[in-house]
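Just below is one structure, and these are the notes that go with it.
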Amino acid sequence: MVRRMVLVAALVVATVAVLAGGARAQLKEGFYGSTCPQAEKIVKEFVKAHIPHAPDVAATLIRTHFHDCFVRGCDASVLLNATGGKEAEKDAAPNQTLRGFGFIDRIKALLEKECPGVVSCADILALAARDSVGVIGGPFWSVPTGRRDGTVSIKQEALDQIPAPTMNFTTLLQSFRNKSLDLADLVWLSGAHTIGISHCNSFSERLYNFTGRAVPGDADPSLDPLYAAKLRRKCKTLTDNTTIVEMDPGSFRTFDLSYYRGVLKRRGLFQSDAALITDAASKADILSVVNAPPEVFFQVFARSMVKMGAIDVKTGSEGEIRKHCAFVNKH
């Protein structure tokens, strides 16, 4: 176990080194050091002032960052509003429950006042997600900056590329590999489900219509029966899209290992959670981390967040620096 912990720590360092390759080389820590020296401090202070009063926002910021990076790379395309009658990423079902747009807009307004047209919405989202997790007691990770904002946002791309909560392990892993992430990243980024909530309709088929026959008792056999019964008491119908449920019951505002312990007990909320223990290597990773100090999970989660935050980034002269995160600049 000690050897594994040393290897894990080494991986965190190695991942930061990976940023020296390809487009990632143009991301760097302290990118705004000369153009907007107070940028990261402004983000952090806003997050520290507001997340304690709305801790659930930490989970939605992580989710928003994840959904952004999986579609067109980490370019804040998920923040764009629909224009010209064409629906945007935020109109797609996986993004309709994201609630952090106003939070990001308020940070952007502060930064536009400090240094107009300098700090990208993509960097603001990456920094705010990191800082919000830190405020609720989770890990801290380096966020190299220099991302530029995209100018295109298409609903169908979000539907096609964001991993669904109903996916099995094979499909999940392929969706991650499509973004140059690996099995370990799938396991550790799933750990973000240790915080946050979900609407019933994201998992109700596991309770009422798992085989598609919609007959009484048609529940997912991989789901712990007692947990399933508890969920049915909250989510009374297949189509309930208003009731919310904690993703990590009893610990949904604490960044800890209880999510993985629940998954091992067959109490993962989504099919995609349950899928993590259907693969031997994935399950072995989970077992190793739940039997280690929490700092090990923090390290591997941080490693995977650094990798995810560098997916297909736009840098240099690509994209733009939006003046408002919901709209492409007028030229």
Side-chain angles (χ1 to χ4, degrees), residues 10-44 47 61-80 89 104 107-108 111-112 114-134 138-153 161 176-182 184-185 188-189 192 298-323 325 329:
L11 278 171
V12 179
V13 175
T15 299
V16 177
V18 167
L19 293 168
R24 301 176 188 181
Q26 297 177 60
L27 294 183
K28 66 176 185 178
E29 291 186 54
F31 179 84
Y32 299 108
S34 60
T35 56
C36 192
Q38 298 300 308
E40 293 194 27
K41 181 181 179 183
I42 288 170
V43 175
K44 182 169 287 187
V47 169
L61 289 174
I62 282 284
R63 188 166 164 240
T64 303
H65 185 33
F66 178 90
H67 285 200
D68 179 46
C69 292
F70 263 69
V71 184
R72 295 185 167 266
C74 308
D75 68 347
S77 54
V78 73
L79 304 180
L80 285 170
E89 290 172 35
I104 296 298
I107 298 175
K108 176 63 171 173
L111 287 167
E112 284 297 300
E114 176 75 13
C115 35
V118 174
V119 183
S120 70
C121 299
D123 277 343
I124 293 170
L125 179 55
L127 291 165
R130 186 271 310 274
D131 291 341
S132 67
V133 168
F140 180 91
W141 59 92
S142 64
V143 176
T145 44
R147 296 167 188 79
R148 306 261 298 173
D149 297 324
T151 58
V152 176
S153 185
Q161 296 177 45
F176 274 64
R177 284 177 172 163
N178 289 345
K179 304 300 175 183
S180 300
L181 300 175
D182 57 24
D185 300 315
W188 308 135
L189 292 174
F298 281 20
Q299 288 176 334
V300 291
F301 181 81
R303 164 191 174 271
S304 291
M305 285 300 299
V306 173
K307 283 182 67 178
M308 187 192 81
I311 294 174
D312 295 336
V313 293
K314 295 172 176 63
T315 58
S317 61
E318 298 176 291
E320 64 180 17
I321 304 298
R322 283 184 223 140
K323 296 176 182 177
C325 292
N329 295 341

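Since this is a predicted model, take the numbers as computed values, not measurements.
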Separation of [Y] [atom2] from [X] [atom1] (nearest 0.5 Å):
X: R147; Y: L127; atom1: CZ; atom2: CG; answer: 7.0 Å
X: I124; Y: H65; atom1: CD1; atom2: NE2; answer: 13.0 Å
X: E29; Y: L27; atom1: CD; atom2: CG; answer: 10.5 Å
X: T151; Y: E318; atom1: OG1; atom2: CD; answer: 11.0 Å
X: L189; Y: R303; atom1: CG; atom2: CZ; answer: 9.0 Å
X: S132; Y: L61; atom1: OG; atom2: CG; answer: 4.5 Å

Requested in this report: Would you check, one step at a time, whether the test side chain to side chain contact (heavy atoms under 4.5 Å, CB included) holds for T64 with L79?
Outcome: CA-CA 9 Å; T64 303; L79 304 180; 4.2 Å; yes
**Report entry** side chain to side chain contact (heavy atoms under 4.5 Å, CB included) assessment of Q161 paired with N178
**Finding:** CA-CA 9 Å; Q161 296 177 45; N178 289 345; over 6 Å; no
Requested in this report: Among D149, I104, L125, find the one that has a side chain to side chain contact (heavy atoms under 4.5 Å, CB included) with C325.
Outcome: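 For C325, the side chain to side chain contact (heavy atoms under 4.5 Å, CB included) test succeeds with only one of D149, I104, L125, which is I104.
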Closest approach of [X] and [Y], non-hydrogen atoms and distance?
X: A122; Y: C74; value: CB-O, 3.5 Å
X: R130; Y: F140; value: NH1-CZ, 3.2 Å
X: C121; Y: K108; value: SG-CE, 4.0 Å
X: L181; Y: D185; value: CA-OD2, 3.4 Å
X: A184; Y: S304; value: O-OG, 4.2 Å

Query raised in the report: How would you list, by chain and number, every residue that makes a side-chain hydrogen bond (donor to acceptor under 3.5 Å, both in side chains) with R148, sequence neighbours excluded?
Result: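 With neighbours one apart ignored, the set is empty.
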Query raised in the report: Do S77 side-chain atoms and S153 backbone N/O form a donor-acceptor pair below 3.5 Å?
Result: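 Looks like no, no N/O pair under 3.5 Å.
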Report task. Please confirm whether the backbone N or O of F70 pairs with a side-chain atom of K179, one donor and one acceptor, at under 3.5 Å? Result ->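 Present.
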Please enumerate all residues that pass salt bridge (charged side-chain N to carboxylate O under 4.0 Å, His left out) together with [X], with sequence neighbours excluded.
X: D131; value: none
X: D68; value: none
X: E114; value: none

**Report entry** Set of residues satisfying side chain to side chain contact (heavy atoms under 4.5 Å, CB included) with respect to N329, sequence neighbours excluded
**Finding:**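 E320, R322, K323, H331.
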Query raised in the report: Which word best sums up how the rings of F176 and F66 line up, parallel for under 30°, tilted for 30 to 60°, or perpendicular for over 60°?
Result: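 Geometry flag for F66 against F176: tilted rings.
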Query - Criterion side chain to side chain contact (heavy atoms under 4.5 Å, CB included) on V78 and V71, from CA distance to verdict - result: CA-CA 8 Å; V78 73; V71 184; over 6 Å; no
List the atom pairs, donor and acceptor, that lie under 3.5 Å between side-chain atoms in residues 31-40 and the rest of the protein, sequence neighbours left out.
unit_1	atom_1	unit_2	atom_2	d
Y32	OH	S120	N	3.3
Y32	OH	D123	OD2	2.5

